[in-house]
Amino acid sequence: MLAGRERALATVDLGAVRHNVVRLASLLPPGGKLCAVVKANGYGHGAVAVAEAAQAAGAAWLGVATVDEAAELRAAGLAGPLMIFGALTGSELQNAVTADADVSVWSERFLIEAQKVGARLHVKFNSGMGRLGADAATAERLAVAAAASGRLAGLMSHFATADEAETSYFNLQLDRFLDLATKLKQRFPEMIAHTANSAATLREPRAHCDMVRTGIAIYGLAPANDDPFKDDLRPAMRLSSYIADVRVVRPGESVGYGRRFIAERETRVAIVPIGYADGIARSLTDRGTVLIGGHRCAIKGTISMDQLTVELPGAVGKPGDEVVFIGLGNDQRILAEEVAQLLGTINYEVVCDVGPRVARRYVGAESAA
Ligand SMILES: *Cc1c(COP(=O)(O)O)cnc(C)c1O
């Protein structure tokens, strides 16, 4: 009946991903490498398709958080350098080696385990993030020991405030990292030094070192949750559903759980078969907006697990029409950044929350970057 519509659909523009990777790589010094970060199922976009697009656009490395994410990429046939950023248990470490993925190391104890299974290592230096990572002296010892067994691949760190306007802590972390990296590179020139995330890559050429690890920006999202277009990034994801039915609600009648919406006058309401299980946060109830035929319409009533309701102004909307939650419609657009601001969170979380029940459709696979 409603041919061509998907219940809940994330349309991912791989041409946008390629554009963003090329754009970020254009900032780097000659020979500078880009690691495309595709953890969390490619920030909700689909790890395998994004990884392929990123490699096609010149990403030399892929980065993930967990060993299962690394194994998924290898199972899909992705070759090339791949690293796992996060902590690993003993069995995960073994699986990382099986997946031919590099791992990060910050303790003597983990170094011994990693040496046993022959893992390639990136020493993680805590320059000020204050989570995992070794102090400078320990990092140096680990690098020396890893190099002695021919397993030293890199030195890495991670910024805590690269997306914030105030730069003093960012610069402090960067100086600490550059001090250690310069010292170690004299002894181990093959080692790759990498510390920049998307925000640091866009902000500070001194942070580029041998490689940058860009996540959010390759998806066309703004690291500081402001405006991706100011950095010439193109949002890759469109999130949509459709109008399953239109009802006319009479004054005094209610819609949905808890009767959160009671019509004051005769109101046309669209029933949309997508809900919080798909990643439309329940706290957008009575706050979020959608695009229908290029018109902004308000989400009304409680967002349920599988459905939500939208008030239709005038004659807007009929069964089968597309309902856009993130994306463009005529001259209107809803950015993930806008949704995040409504929710008091960041664009990262908005796209990561797009659930496994949402179909991913890829467009732009063939066009030029
Ligand atoms: C997630 C992650 C990144 C990417 O950060 P973005 O802000 O998305 O660019 C880089 N490095 C590490 C270690 C990460 O965990």
Side-chain angles (χ1 to χ4, degrees), residues 16-17 20-21 23-25 27-28 32-45 47 50-51 54 57 59-70 73 81-88 96 101-106 121-134 139 153-164 170 173-174 177 181 192-204 207-226 228 231 233 235-237 336-337 340 345-354:
V17 173
N20 297 328
V21 168
R23 154 87 186 115
L24 292 161
L27 302 172
L28 305 182
K33 294 182 170 64
L34 184 143
C35 173
V37 179
V38 296
K39 61 191 179 187
N41 194 27
Y43 292 42
H45 294 65
V50 170
W61 281 71
L62 298 172
V64 294
T66 73
V67 70
D68 289 347
E69 292 171 340
L73 295 175
L82 167 61
M83 79 164 296
I84 303 169
F85 303 141
L88 299 171
D102 290 18
V103 304
S104 62
V105 57
W106 60 89
L121 300 166
H122 297 247
V123 174
K124 195 189 266 272
F125 167 49
N126 174 21
S127 60
M129 176 62 109
R131 301 185 309 199
L132 300 175
L155 175 74
M156 68 187 292
S157 192
H158 198 37
F159 291 112
T161 62
D163 56 335
E164 289 177 15
F170 170 77
Q173 280 198 268
L174 178 55
F177 182 76
I192 47 177
H194 51 99
T195 190
N197 55 5
S198 296
T201 302
L202 289 164
R203 158 183 281 184
E204 177 53 88
H208 292 167
C209 302
D210 301 315
M211 180 165 82
V212 298
R213 304 185 308 264
T214 48
I216 199 77
I218 71 171
Y219 305 97
L221 302 171
N225 201 56
D226 47 13
D231 286 313
L233 300 172
M237 186 192 286
E337 286 79 5
T345 182
I346 52 177
N347 47 4
Y348 294 72
E349 189 177 28
V350 169
V351 287
C352 281
D353 277 351
V354 174

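Counting convention: from 1, in listed order, for ligands and their atoms alike. Count residues from 1 along the sequence. What you see is a predicted model, and the numbers here were worked out from it, not measured in a lab.
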| request: Run the numbers on Asn126 and Trp106 for side chain to side chain contact (heavy atoms under 4.5 Å, CB included), then give the verdict. | output: CA-CA 9 Å; Asn126 174 21; Trp106 60 89; over 6 Å; no
| For Ala199, what residues pass the side chain to side chain contact (heavy atoms under 4.5 Å, CB included) criterion, not counting sequence neighbours? |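 Residues passing side chain to side chain contact (heavy atoms under 4.5 Å, CB included) with Ala199: Ala162, Asp163, Asn197, Pro223.
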| query | Quick one: are Tyr43 and Leu221 in side-chain contact, heavy atoms under 4.5 Å? | reply |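 Of all side-chain heavy-atom pairs linking Leu221 with Tyr43, none is under 4.5 Å.
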| Do Val38 and Val64 touch side chain to side chain, with heavy atoms closer than 4.5 Å? |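 Side-chain contact under 4.5 Å: yes.
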| Pairwise side chain to side chain donor-acceptor pair (under 3.5 Å) hits with a residue in residues 210-221, at least two apart |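 For residues 210-221: His158-Arg213, Lys185-Asp210, His194-Arg213.
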| query | Using a 4.0 angstrom limit on heavy atoms, which residues are close to ligand 1? | reply |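 For ligand 1, the contacting residues are Val37, Lys39, Tyr43, Phe85, His158, Asn197, Ser198, Arg213, Thr214, Gly215, Ile216, Tyr348.
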| Set of ring-ring contact (aromatic ring centres under 6.0 Å, His included) partners for Phe177, sequence neighbours left out |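 Phe177 satisfies ring-ring contact (aromatic ring centres under 6.0 Å, His included) with no residue once adjacent residues are dropped.
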